[in-house]
Protein chains: 2
Amino acid sequence: MTTSHTQSRFNSTLTSQCQSCSLSALCLPIALADEDINRLDQIIERKKPLKKGDFLFRQGETFDSVFAVRSGTLKTFNITSHGEEQITGFYCPSELVGLSGIDSNIYPVSAKALETTTVCEIPFSRLEELSSQIPSLKHQLFKVMSRKISDDQQMMVLLGKKNADEKVASFLLNLSTRFKKRGYSATTFRLSMSRGEIGNYLGLAVETVSRVITRFQKSELIHVDGKEIEIIDFPEVQKLVGVASDCGKIANI
Amino acid sequence: MTTSHTQSRFNSTLTSQCQSCSLSALCLPIALADEDINRLDQIIERKKPLKKGDFLFRQGETFDSVFAVRSGTLKTFNITSHGEEQITGFYCPSELVGLSGIDSNIYPVSAKALETTTVCEIPFSRLEELSSQIPSLKHQLFKVMSRKISDDQQMMVLLGKKNADEKVASFLLNLSTRFKKRGYSATTFRLSMSRGEIGNYLGLAVETVSRVITRFQKSELIHVDGKEIEIIDFPEVQKLVGVASDCGKIANI
DNA sequence: TTTTCATTCTGATCCAGATCAATGATTGGC
DNA sequence: GCCAATCATTGATCTGGATCAGAATGAAAA
């Protein structure tokens with residue numbers, strides 16, 4: 001018991017990282033008391049960086065943790081009946097991966113690094129325990145999952161109803177919003193995924209993605225240099241996407 | 001304390017409905033102690049039936065409850081930028097609607113009855129409170145939300161990668177599975193939604209849905225009479241869908 | 001009953017985006 | 001550095017499913 005206490009003190013002084021982590025306000029955006037942050041901190045394991053192409057977990061493996069991205073980018077994907085990969089999401093720093101594994105105790109998708117990526121591993125059973133003791137943590141977890149559900153539903157609208165231009169514009173604006181939230185430029189950023197991966201995610205062929213991007217560049221909506229993107233005419237890109245981007249807030253019928 | 005005990009006993013005899021409800025094992029499939037079931041029971045309001053076309057809630061309204069369908073069917077949908085409706089889900093008895101509202105405190109979709117429908121209203125704040133006291137209830141909530149996330153991701157695969165035949169076959173098998181789980185026939189059932197609604201949900205035109213169904217009938221995969229469906233050649237329909245229907249379980253790459 | 005309106009089905013035509021093909025541009029390995 | 005492999009772009013062609021048009025069926029209203 002003394003050992004445990006010593007260790008706990010040790011953790012809070014030397015290795016407590018959530019408090020100093022610039023993402024803490026985002027990955028589980030909770031106003032926790034210092035003591036609570038430490039408790040959360042102690043269940044989190046910082047893992048060694050993944051290299052590009054490394055798996056974080058694979059479809060079918062036993063679920064035991066969710067992961068917060070600290071740096072880099074991940075993609076999650078399914079393998080379809082025809083053996084193709086279907087990308088179901090990209091994950092940027094501060095975002096949580098692996099939530100879909102809770103139900104079946106098995107990860108229903110694989111997660112792979114698109115570039116050098118570091119994550120915090122959060123053993124789910126311990127997070128759940130802790131959430132019983134810290135109601136605001138439990139509430140945040142519900143919110144994060146609920147958010148994921150409504151985001152995925154927006155994605156269903158995109159896949160089911162939008163044309164190629166609208167899909168690509170939505171994708172760019174979505175990334176822009178996510179970069180902005182983390183304090184980066186909303187207009188200039190780097191795509192960590194290939195054109196092929198964008199197309200796969202949006203339900204388009206690579207060639208179509210390439211053509212749409214080229215066309216956007218020619219009509220001076222954006223400026224492109226390889227993977228570097230600059231959104232030049234923000235309002236026009238928003239117009240392409242339509243009000244649907246903040247669909248949750250518009251008037252109902 | 002005696003009062004509370006009396007009241008609890010009173011409820012369990014006269015108004016406790018979760019215990020006698022045939023769906024209780026499904027809507028929140030938990031092995032709860034009797035006393036816990038009563039506590040759950042007391043926060044649930046049974047509402048008067050919705051008629052066909054009635055809204056349960058509208059996109060943009062303040063979120064305060066999730067709903068368990070008791071009988072009938074609901075659809076949830078978004079309004080896109082072009083003013084069209086995009087259906088994001090159909091809800092059968094025992095299924096929970098409204099979970100996507102937790103994050104923003106606003107329902108991001110509308111929910112409308114496809115036929116006469118009854119629901120149990122579960123005020124979310126009280127459910128959350130109760131979940132602090134009953135860990136297995138909290139765990140079930142996480143599971144239900146996680147399940148929704150992985151189901152929606154399967155839907156993204158369907159919308160992004162499948163052709164018309166595969167979409168319709170997946171849809172029919174999905175319904176079949178859900179009917180079976182509730183103890184109804186997996187091969188013979190009634191579609192509560194129109195062809196138009198099916199097409200909207202699957203990202204297809206009405207005409208395409210109609211043609212595919214007719215074609216399936218001609219090749220003796222199914223038998224159709226209006227809204228009545230009988231799956232005749234189950235294995236063949238499964239073959240059409242591909243292994244992807246239980247994608248979560250197949251080998252990883 | 002008849003009228004009206006929605007739903008379903010079927011055929012004919014069209015087009016957005018897939019597919020095929022070829023050529024540059026980048027990137028990583030040694 | 002060079003070479004191989006992957007990635008991106010552009011053009012030409014093809015096609016699955018959308019769209020248009022109409023007829024047939026069904027279901028609610030009067």
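Chain identifiers are assigned alphabetically (A, B, ...) following the order of the sequence lines, protein sequences preceding nucleic acid strands; residue numbering begins at 1 within each chain.
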Expressed in angstrom and rounded to an integer, what is the separation of A/Lys52 atom NZ from D/dC7 atom P?
7 Å
Could you state the CG-C1' distance from B/Leu191 to D/dG26, rounded to the nearest angstrom?
16 Å
May I have the distance from A/Ile198 (atom CD1) to D/dC7 (atom P), rounded to whole angstrom?
13 Å
Separation of D/dT25 atom P from B/Asp225 atom CG, nearest Å, is 13 Å
Is a salt bridge present between B/Glu166 and B/Lys161, judged by a nitrogen-to-oxygen distance below 4.0 Å?
no
Are A/Tyr184 and A/Phe189 close enough that their ring centers fall under 6.0 Å?
no
Could you tell me, to 10°, how much the axis swings from one end of the helix from C/dT1-D/dA30 to C/dC30-D/dG1 to the other, five pairs per end?
60°
Specify the separation, in whole Å, of atom NZ of B/Lys161 and atom P of D/dG16.
18 Å
Short of 4.0 Å, heavy atom to strand atom, which residues of residues 212-220 of chain B count as contacting DNA chain C?
B/Thr214
Would you indicate what A/Gly226 reaches in the nucleic acid, counting non-hydrogen atoms under 4.0 angstrom: base, sugar-phosphate, or nothing?
nothing
Any B/Lys167 side-chain N or O less than 4.0 Å from OP1/OP2 of D/dG17:
no
Taking any heavy-atom pair under 4.0 Å as a contact, classify A/Ser210: base, sugar-phosphate, or nothing.
base
Walk along nucleotides 16-23 of chain C from 5' to 3' and tag each nucleotide B, S or - by protein heavy-atom contact under 4.0 Å, base first, then sugar-phosphate.
-SSBB---
